[in-house]
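See below for the structure under consideration.
Computed from heavy atoms alone, side chains included, the values below leave out hydrogens, waters and symmetry copies. Lettering of chains follows the sequences in order, A, B, ..., and the numbering in each one begins at 1.
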Amino acid sequence: MDVLACIKRVPDTGAKIVLTEDKQEIDTSSLGFTMSPHEECAIEEAIQQVEAHGGSTHVLTLGPEAAAEQLRTGLAMQIDDATLLETDGDEWSPRATAQAISTEIQSMDTAFDLLLFGNESADMANYQVGTRVAAELGVPCVTGIKSLDIEDGTAIAKREIAGGEEVYEVDLPAVITVKEGINEPRYASMRAKMQARNQEITHRSPDASVGAGSFEKLRLETPPEDTSDAEVLGEGSDAVPAILEVLEDGVEVL
Amino acid sequence: MILGFVEHDGGEPLESSLEMLTLARELAEAGDGALEVTTIDPEASLAEDELGAYGVDRVHRVTHADLDRFAPDAWAASIVQLTREFEPRGVLVPGTDRGQDVLARVGVKLELPMAANCIAVEPGDSWEVTRHRWGGSLIEHAQLEAPTKLLSVAPHELPIDAPGEAGGVAVNEFEPTLEEPDTLVKVDHVEESDVEGVPLGEARVVVGGGRGVGGPDGYDQLEELADLLGGAVGASRAAVNEGWRPHDDQIGLTGAKISPDIYIACGISGAVQHMVGCKGADTILAINTDAEAAIMQKGDYAVIGDLHEVVPVLNDAIRDRQ
């Protein structure tokens, strides 16, 4: 079974998001980068499925040259091959991203059985790239999955709902978008990280033209901060009577 | 005309759908005034007339033998066929798991862009949409141009308003044409959770524990507090990554979004990624040894102290009252 995990490089934001002066992006001058948490799980899932069923694992991203760092994280976790669809660093719309990824997948030598995405990216959260890729490839797509088993070419995928899980069964090849919690991503060893540094990454120049209409960012804004300080009820267990008052009279849960 | 997609549970519209109608009604009033909705409702369980209170003029009740269980492509095909027939200027769905999933497929079939998690719209020829990034800790203003604008509406952001009166709602029974690929992805069956207690997303009281809890055993006191208040226990991502709690308990950007009457956050610092999961709480009470922790500022009430000291005394005091 050949499995592809698609990931995205995103800033590792701290307690507060700061924007650049032109309000077009997050000021990342003092930030590190990571990949969206859902996608770290997509990588882990690719590795676990191939450990169980045999085959190959591949990781792909669309982003600036620096996104090679996140691909190398995947390689260090023991993904076999990596592809970077290299952009000039500008944001791509979800439609253009999906089309570039689909075009690349169709041109690759490997015909993937399982294509894993994060349910939504941590930063833009457009909730659609995996779905659009599946449509371009003409394969079924199940979203928001937190448990996945492959049996005889069929994916048995579970999605959380209120009070339980709904179970889907779809034949491979298929696109599955996953959520954090589906597994526990492994930590790469220092030795694996060193080796991943020298591993070759396939670079491509993506190209995409999309259909009618457009969806374009104008500017970003940080939401107004709640500047009102919390009311301090007290220190230590001396505060307990005040807490009881809040529970009883304030929110009436006692 | 604006077309809204109303999700319901056995005929009861979900709150997120009623919130969506607040924005849909605003957009309808800015246009020709017509607000119509569609529901997948083969059992005809929804009382359409009730939606008149929210300004709805007509309900397209979708029925089909293959719509007995959730099938996202079939739901999307139904919305697409309605859109082709009635040509709404905009299609709005609630930003739930199902809403996002189905609208993305509508976007695919109509070859149109989709704007997810919107909170406001400036209508015109093109629409300027205000939407959430980073779970709402960053706001994007974007321009959406399309013959039919596809929007999902961020949950827990807009008020539910019923300015009108029930009644006067026309019903159009609509049977979509579904083909085999539309039902390839369909819920096969549902496994009910064997976890006892109140689900995190629905709890009126949530007691959260973070790194300050110190280990898995420290949650016993938090469990007890949650039990006494009829609530549920949650955790920060830091605590889940430590392996102290299962991921299902995680509150935040990549975990549960809660909306209780009160969130009691114990030993949690209040990182952006955590706060976007609990901003739906009416009241936040933080217990933390660090008076400077972000959550002590962002919350409504703060107790400066060690949760291991405060929570047991609080539990005893509540027990004394009951």
Side-chain angles (χ1 to χ4, degrees), chain A residues 13-17 37-38 93 95 122-128 131-132 135 140-144 159 162-170 179-181 211-223 226 229-237 239-240 243-244 246-247 250-251 253-254, chain B residues 70 97 100-101 104-105 107-108 111-117 133-134 137-147 184-185 187-193 199 202 204-205 229 247-248 253-254 261-262 271-272 282-283 285-286 294 296-305 309-310 313-314 317:
Chain A
T13 59
K16 192 169 182 299
I17 291 178
H38 294 324
S93 76
R95 277 199 300 173
D123 58 344
M124 287 167 75
N126 286 306
Y127 290 86
Q128 57 192 274
T131 307
R132 289 187 185 272
C141 172
V142 192
T143 69
R159 167 149 86 172
E165 291 176 313
E166 49 188 22
V167 185
Y168 298 85
E169 295 189 11
V170 293
K179 281 191 178 181
E180 191 181 44
S214 66
F215 174 47
E216 280 174 23
K217 174 179 69 183
L218 298 171
R219 66 186 185 282
L220 302 176
E221 176 190 333
T222 46
D226 178 5
D229 275 351
E231 182 185 331
V232 177
L233 297 178
E235 294 194 16
S237 51
V240 165
I243 299 176
L244 287 176
V246 168
L247 294 176
V251 290
V253 292
L254 255 189
Chain B
F70 178 57
D97 281 350
Q100 312 279 27
D101 183 337
R105 294 170 204 256
V108 163
E111 297 184 43
L112 291 177
M114 154 188 168
N117 281 336
R133 289 188 175 201
W134 289 102
S137 45
L138 187 59
I139 305 291
E140 174 184 8
H141 298 272
Q143 182 144 310
L144 181 61
E145 265 185 38
L184 282 181
V185 178
V187 171
D188 185 75
H189 61 279
V190 171
E191 288 177 3
E192 283 180 23
S193 166
E202 293 165 31
R204 276 190 69 205
V205 176
L229 298 173
H247 183 274
D248 290 351
L253 186 63
T254 50
D261 293 346
I262 184 165
V272 165
D282 285 343
T283 300
L285 189 160
M296 302 287 266
Q297 258 86 63
K298 292 174 183 167
D300 301 291
Y301 299 102
V303 174
I304 304 160
E309 180 205 338
V310 178
V313 177
L314 177 61

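Contacts with chain A were tallied for B/Val310, B/Thr254, B/Val108, B/Val313; B/Thr254 has the most, counting heavy-atom pairs under 4.5 Å. Between chain A and the residues B/Ala115, B/Pro147, B/Pro199, B/Ala286, the largest count of heavy-atom pairs under 4.5 Å involves B/Ala115. Of the listed residues A/Ala122, A/Ala239, A/Ala125, A/Ala135, the one with more heavy-atom pairs under 4.5 angstrom with chain B than any other is A/Ala122. Contact tally against chain A (heavy-atom pairs below 4.5 Å) for B/Ala104, B/Ala116, B/Ala146, B/Ala302: the top residue is B/Ala302. With chain A as the partner, the residue from B/Ala142, B/Gly107, B/Gly305 showing the most heavy-atom pairs under 4.5 Å is B/Ala142. Chain B forms the most heavy-atom pairs under 4.5 Å with one residue out of A/Glu216, A/Glu165, A/Arg219, and that residue is A/Arg219. Your options are B/Val185, B/Thr283, B/Val205, and the one with the most heavy-atom pairs under 4.5 Å with chain A is B/Val185. Of the listed residues (B/Val303, B/Leu184, B/Asp261), the one with the most heavy-atom contacts under 4.5 Å to chain A is B/Val303.
Between B/Asp101 and A/Val142, the closest side-chain pair of non-hydrogen atoms is not below 4.5 Å. A 4.5 Å side-chain heavy-atom check between B/Asp282 and A/Val251 finds every atom pair outside the cut-off.
Taking all atoms of both residues into account, the shortest heavy-atom contact from B/Arg105 to A/Thr131 is CG-CG2, 3.5 Å. When all heavy atoms are compared, the tightest approach of A/Gln128 to B/Met114 is NE2-O, 3.2 Å. Taking each heavy atom of B/Gln297 and A/Asp229 in turn, the nearest pair found is CG-OD1, 3.8 Å. When all heavy atoms of B/Pro113 and A/Ala212 are compared, the closest pair comes out as CD-O, 3.5 Å.
With a 4.5 angstrom heavy-atom cutoff, B/Asn117 touches chain A only via side-chain atoms. Interface remark: B/Met296 contributes backbone atoms only to the contact with chain A (heavy atom separation under 4.5 Å). Looking at A/Val246, the atoms closer than 4.5 Å to chain B (heavy atoms on both sides) all sit in the side chain, from C-beta outward. Heavy-atom distances place both the backbone and the side chain of B/Leu144 under 4.5 Å from chain A. Looking at B/Val187, both its backbone and its side chain come within 4.5 Å of chain A, counting heavy atoms on both sides. Using a 4.5 Å cut-off between heavy atoms, B/Ser137 contacts chain A through both its backbone and its side chain. The parts of A/Lys217 that come within reach of chain B are both its backbone and its side chain, each placing non-hydrogen atoms under 4.5 angstrom from that chain. Residue A/Arg132 touches chain B through both its backbone and its side chain, counting heavy-atom pairs closer than 4.5 Å.
Atom CG of residue B/Leu285 and atom CG of residue A/Leu233 lie 5.5 Å apart, to the nearest 0.5 angstrom. Rounding to the nearest 0.5 angstrom, the gap separating the CE atom in A/Met124 from the CD atom in B/Glu140 is 6.5 Å. For the atom pair OG1 (A/Thr222) and CD1 (B/Ile139), the distance works out to 9.0 Å, reported to the nearest 0.5 Å.
Judged by distance alone, the side chain of B/Glu309 and the main-chain N or O of A/Ser237 form a donor-acceptor pair under 3.5 Å.
Under the side chain to side chain contact (heavy atoms under 4.5 Å, CB included) test applied with B/Arg133, the options A/Asp123, A/Asn126, A/Leu220 reduce to a single match, A/Leu220.
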